[in-house]
Colleague: 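Encoded as structure tokens, here's the structure I'll be asking about.
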Number of protein chains: 2
Amino acid sequence: MDNLIIEENFNGKDEKSLLKIKNAMPSIDDLYDLSEFFKVFGDSTRINIVSALLNSELCVCDIAQLLEMGQSAISHQLRILKSAGLVKPRRDGKTIYYSLDDEHIKLIFDLGLEHILHRKGAPNE
Amino acid sequence: MDNLIIEENFNGKDEKSLLKIKNAMPSIDDLYDLSEFFKVFGDSTRINIVSALLNSELCVCDIAQLLEMGQSAISHQLRILKSAGLVKPRRDGKTIYYSLDDEHIKLIFDLGLEHILHRKGAPNE
DNA sequence: TGAACATATGAATAACTGTTCATATGTTCA
DNA sequence: TGAACATATGAACAGTTATTCATATGTTCA
């Protein structure tokens, strides 16, 4: 079809085998969304926020005080977490409390933590 | 101790409660490592590579052909994946085959995929 | 040994991202 | 209503990152 950037293979698998693998993969769009989803976890501030919210809802100023960061920075990050579907807000008067939005979140967090702690015990390189 | 950037709380939880929450959280270092770990998943190219390797090992040029990207770009990303402990290389003559390094990886990948597919079915905003 | 191939790597660049600052929005209560 | 508080938001800046290009390293085989 198109041989624009595609580099030819002399060794490695033949084109038919590669096509088979490609067809078994999730769609380009889903993989993109997946990377965007993980990207949200891939920031120190945001993972701290998620960690803080694992056991209790918290308001913005509590999170800011907990992480010793400015209110604005936390608010910006909460917006990203919210639009990614990781947290949801609940208004109570002036205060807005945030909590985790999905039970998947804790599972993924714990699995990742388990991985890095396991790796820390026996580092590879 | 230090009241440099810390913003005072009038509403929200008292300092003792916040300290309790803080003590229940993983260490700063572990959370940083965790965010760095997730950051590796948070790139479209790398998540594509991981996805391609879920069922079979592949050499660099196979991956490049599969993703229709340059060999150099793939190689750079494989280095990141390798030093994060996600993939490991196996040399066979000129060719170097990469495969997933840890059974956690597939679990985390699948859990994330499940999340975004579930979310896609019933989007929140 | 040297040609051909597979992969790795360093430098450069363009695009992206997180924090800060200033300020706006929204709520409560006297 | 207006002061005080809680949160959100836009612009700007600094730091980071992914890709490309050129080239180096390492392997095979004639």
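In what follows, chains carry the letters A, B, and so on, assigned in the order in which the sequence lines appear, proteins first and then strands, with residues in each chain numbered from 1. Predicted model only: the values in this text are computed from it and were never measured.
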Colleague: Which pair of non-hydrogen atoms, one from A:Cys59 and one from A:Thr95, has the smallest distance, and what is that distance?
Modeller: CB-CG2, 3.3 Å

Colleague: Does B:Ser75 reach the main-chain N or O of B:Gln71 with its side chain, forming a donor-acceptor pair under 3.5 Å?
Modeller: no

Colleague: Which residues pass the side chain to side chain donor-acceptor pair (under 3.5 Å) test with A:Ser17, not counting sequence neighbours?
Modeller: A:Asp14

Colleague: Between A:Asp62 and A:Leu58, is there a donor-acceptor pair closer than 3.5 Å when you use the side chain of the first and the backbone of the second?
Modeller: no

Colleague: Suppose we screen for side-chain contact (heavy atoms from CB on, under 4.5 Å). Which residues come up paired with B:Lys106, at least two apart in sequence or across chains?
Modeller: B:Leu54, B:Asp110

Colleague: Considering only nitrogen or oxygen atoms on both sides, find all protein atoms under 3.5 Å from nucleotides 8-15 of chain D and state each distance.
Modeller:
from   : atom 1 : to      : atom 2 : distance (Å)
D:dA8  : OP1    : A:Tyr98 : OH     : 2.5
D:dA8  : OP2    : A:Ser75 : OG     : 2.8
D:dA8  : N7     : A:Gln71 : NE2    : 2.8
D:dA8  : N6     : A:Gln71 : OE1    : 3.4
D:dT9  : O4     : A:Ser72 : OG     : 2.6
D:dG10 : O6     : A:His76 : NE2    : 2.9

Colleague: Using the rule that Ile, Leu, Val, Met, Phe, Trp and Tyr join whenever any side-chain heavy atoms are under 4.5 Å apart, tell me whether A:Ile105 and B:Leu107 fall into a single cluster.
Modeller: yes

Colleague: Between protein and nucleic acid, restricted to nucleotides 27-30 of chain D and to nitrogen or oxygen atoms under 3.5 Å apart, what atom pairs and distances do you find?
Modeller:
none

Colleague: Tell me which residues in residues 29-50 of chain B put a heavy atom below 4.0 Å from DNA chain C, sorted by number, or none.
Modeller: none

Colleague: What pairs of residues pass the salt bridge (charged side-chain N to carboxylate O under 4.0 Å, His left out) test when at least one of them lies in residues 33-49 of chain A, not counting sequence neighbours?
Modeller: A:Asp33-B:Lys120, A:Glu36-A:Lys39

Colleague: Are B:Leu111 and B:Leu113 linked, directly or through other ILVMFWY residues, by side chains that come within less than 4.5 angstrom of each other?
Modeller: yes

Colleague: Please name all residues satisfying side-chain contact (heavy atoms from CB on, under 4.5 Å) with B:Ser51, sequence neighbours left out, ordered by chain then number.
Modeller: A:Met25, A:Pro26, A:Leu31, B:Phe109

Colleague: Excluding sequence neighbours, so at least two apart, what forms side chain to side chain donor-acceptor pair (under 3.5 Å) with B:Lys20?
Modeller: none

Colleague: Measure from CD on A:Glu68 to P on C:dT20 and round the result to the nearest Å.
Modeller: 13 Å

Colleague: With sequence neighbours left out, what residues match B:Lys88 under salt bridge (Lys or Arg N to Asp or Glu O under 4.0 Å)?
Modeller: none

Colleague: So, using ring pair (Phe, Tyr, Trp, His ring centres under 6.0 Å) as the criterion, who are the partners of A:Phe38 when residues are at least two apart?
Modeller: B:Phe41

Colleague: Starting at CD of B:Gln77 and ending at C1' of C:dG10, how long is that distance when rounded to a whole Å?
Modeller: 15 Å

Colleague: Taking Watson-Crick and G-U wobble pairs with both distances under 3.5 Å, convert DNA chain D into its dot-bracket string, 5' to 3', dots for unpaired and | for cross-strand pairs.
Modeller: ||||||||||||||||||||||||||||||

Colleague: The criterion is salt bridge (Lys or Arg N to Asp or Glu O under 4.0 Å); which residues satisfy it with B:Arg90, sequence neighbours excluded?
Modeller: B:Glu57

